[in-house]
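What follows is a set of notes on a single structure, which appears directly below.
Predicted, not measured: the structure shown is a model, and the values here were computed from it. Note that the numbering runs from 1 along the sequence shown for the chain.
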Amino acid sequence: MGSYIKFIFCLSIGLLAMPLKAQETFKQSLDSTMMIIGDQQYLTLQTTNQNPGDFLFEILDTMVWFQTIDKGSWNAKDLIQERKILFTVFDSGYFKIPALGLFQKMDSMQALGNPLFIDVQYPIDSVSALRPIKNIEETEEPYRFLYLAGIGILVLFGMLFVLWQFFKADQMKPEEFHIQVERKIWEKCLDDLYALEAKKLWQQNLVKPYYDELNLILRNYLFYGMKIPALEYTSAEIMETIADQYPDLKGVDTLKECFTNSDLVKFANANPNFSVNEKWMQFAIEFVRLNKELSEKVLEEKRLHWRALLGETIAAQFENPMESVPLLWIQVYDNKRMQEFSLIQYLLIRKSFKLPESWVQMHLSETGLFYRWQHTILNISNHKFIQVLLFLFVLPFISIFLPFLFILSIWKKESLFSRGIFSISKNQKLVLNKEIK
């Protein structure tokens, strides 16, 4: 309890010490977006910057069509600086006034404000406006066959497209279900460390982000490479777990010192010197290298494949029963509640599988409208002839409304053609769809 209260106190002090900086704003507006050549109007500027300066005229002077009559001056209204610039235009056309505000962002200047557009026209000749351009003539009735033919071709292509989506169904391309050997955890962590070193954060006085990333990389290594729940544990809990389960882990004492140093930077605003910052980067790289053999041994011992998790019978449904089970599937696994579901090949051929209900529900949650419609049609009748007739009946309607279905899928943030997480291999076995993240 004492360490928890101390953590809360340090965190509060750190939050109170953080500087607050209001967001600078800049707005610009016109009296009117339309005007006649030679007319005058005001360009109004408003900003929360208390020292805006006159740099905006460097931009206005580059616009040859913009003729300044009165530059005006900045006037304070409450906390807002306002300026009105009187101008005229002696050319017709559609012109753009770019964003005139600037603010400093890191090492560069960024534009701030909203661009404006103005339409400048010649005065209307009321006499000529009433004169007819040409005599009124009757036109021939349009040739409607071309319109009907165009619509028919679009519907036909739509039907073929929908039919192809239904036909390929839940098949997996042969090249997509080959098991790819992923890079080892210690290799990924070393790449992350080298990338962090290349950023040169602490050299830019970004000490806290530097230690945050360094700490996260080490925790990821312990989590994914040693199966220690380091992403949820405190530094003290991590060290206790290592002492209990991994006595052979090398560099433990220095790792504890590294975590302590990171906590001081994060919660107590400590600012180590340059040599210390470089020291912990070199330690992290060496720590990953020294323990890579132990990491591979631990991962091999704790690796869980379909056969080990599901048993011989259920695992036989998979293309590769010895393929490692993703962590998410292990977390939601329930061996007591099994559910049967089917996948489709070649429009009408169904193949049934049996998996944990939670996995089936995850699969169904990733499916789109086409998947659900196809399964609904097949469930109406088991007679192939009736199923074909139903498909022929619904295809024209789906094709006509295909553009609206695309819009609906975007609005619902789902894939219209998604077939879910599981697919069928060429050997009629289950494979995970690699496109699903």
Side-chain angles (χ1 to χ4, degrees), residues 1-24 103-108 185-186 188-292 294-295 298:
M1 179 60 72
S3 62
Y4 176 76
I5 296 175
K6 186 175 181 180
F7 166 76
I8 295 297
F9 175 76
C10 293
L11 179 60
S12 301
I13 294 299
L15 291 174
L16 290 174
M18 293 175 61
L20 298 176
K21 182 178 180 181
Q23 178 66 42
E24 180 182 333
F103 75 104
Q104 183 76 26
K105 184 177 182 182
M106 300 298 289
D107 296 329
S108 63
I185 299 300
W186 63 268
K188 293 181 180 179
C189 290
L190 283 179
D191 287 345
D192 292 340
L193 288 170
Y194 292 139
L196 174 59
E197 187 177 29
K199 290 181 181 179
K200 298 185 180 299
L201 293 180
W202 60 264
Q203 292 91 330
Q204 304 174 47
N205 204 29
L206 299 173
V207 178
K208 186 177 182 301
Y210 168 74
Y211 279 98
D212 286 343
E213 291 194 36
L214 182 65
N215 196 336
L216 180 59
I217 294 172
L218 288 173
R219 286 173 177 267
N220 280 332
Y221 180 63
L222 295 173
F223 180 77
Y224 294 106
M226 298 294 179
K227 296 302 179 181
I228 299 173
L231 298 178
E232 298 93 15
Y233 279 8
T234 63
S235 300
E237 290 172 331
I238 293 174
M239 302 314 300
E240 291 178 4
T241 304
I242 292 175
D244 293 338
Q245 301 180 14
Y246 299 98
D248 297 334
L249 193 68
K250 300 175 182 178
V252 175
D253 293 336
T254 312
L255 176 66
K256 180 179 180 181
E257 186 180 350
C258 181
F259 280 152
T260 301
N261 185 79
S262 298
D263 290 341
L264 289 174
V265 172
K266 182 175 182 179
F267 301 117
N269 292 328
N271 190 14
N273 58 45
F274 288 175
S275 61
V276 173
N277 297 333
E278 179 64 27
K279 165 191 171 183
W280 293 126
M281 172 58 68
Q282 297 307 318
F283 160 73
I285 294 173
E286 188 66 19
F287 177 77
V288 172
R289 287 174 174 169
L290 287 175
N291 294 288
K292 62 181 183 181
L294 178 61
S295 172
V298 169

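In this view, Ala236 and Thr234 satisfy the side-chain contact (heavy atoms from CB on, under 4.5 Å) rule, not counting sequence neighbours. Scored by the salt bridge (charged side-chain N to carboxylate O under 4.0 Å, His left out) test, Asp212 finds Lys208 as partners (sequence neighbours excluded).
The minimum heavy-atom distance between Cys258 and Leu218, with the atom names listed, is SG-CD1, 3.9 Å. The two residues Asp263 and Ser235 have their closest heavy-atom pair at OD2-OG, 3.0 Å. Nearest heavy-atom pair across Phe223 and Pro229 is CD1-CA, 3.8 Å. Met226 and Leu249 make their closest contact through CE-CD1, 3.6 Å (heavy atoms, listed as atom of the first residue, atom of the second, distance). Closest of all the heavy-atom pairs between Leu201 and Glu213 is CD1-OE2, 3.8 Å. Among all heavy-atom pairs drawn from Tyr210 and Leu196, the shortest one is O-CD2, 4.0 Å.
The OH atom of Tyr221 sits 5.0 Å away from atom CG of Asn291, with the distance rounded to the nearest 0.5 Å. Interatomic distance, CZ of Arg219 versus OH of Tyr233, reported as 12.0 Å (0.5 Å rounding). Rounding to the nearest 0.5 Å gives a distance of 11.5 Å between CH2 of Trp202 and CG of Asn271. For the atom pair Leu290 CG and Ser295 OG, the distance stands at 13.0 Å (nearest 0.5 Å). Going from atom CG of Asp244 over to atom CE of Met239 covers 11.0 Å, rounded to the nearest 0.5 Å. To the nearest 0.5 Å, atoms NZ (Lys266) and CG (Asn215) are separated by 7.0 Å.
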Test Arg289 against Ile285 for side chain to side chain contact (heavy atoms under 4.5 Å, CB included), laying out the working first.
CA-CA 6 Å; Arg289 287 174 174 169; Ile285 294 173; 3.7 Å; yes
Carefully, step by step, assess Gln282 and Glu286 under the rule side chain to side chain donor-acceptor pair (under 3.5 Å).
CA-CA 6 Å; Gln282 297 307 318; Glu286 188 66 19; over 6 Å; no
Please evaluate residues Tyr211 and Asn261 with respect to the criterion side chain to side chain contact (heavy atoms under 4.5 Å, CB included), reporting the C-alpha separation (whole Å), side-chain torsions for both, the decisive distance (0.1 Å), and the verdict.
CA-CA 9 Å; Tyr211 279 98; Asn261 185 79; 3.0 Å; yes
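Under the side-chain contact (heavy atoms from CB on, under 4.5 Å) rule, Leu222 has a single partner from Thr241, Leu255, Leu231, which is Leu255.
Ring-plane geometry between Trp280 and Phe283 is classed as perpendicular, the angle between the planes exceeding 60 degrees on a 0 to 90 degree scale with a lower cut at 30.
A donor-acceptor pair is defined here as one N or O able to donate and one able to accept, closer than 3.5 Å; no such pair exists between the side chain of Glu278 and the backbone of Phe274.
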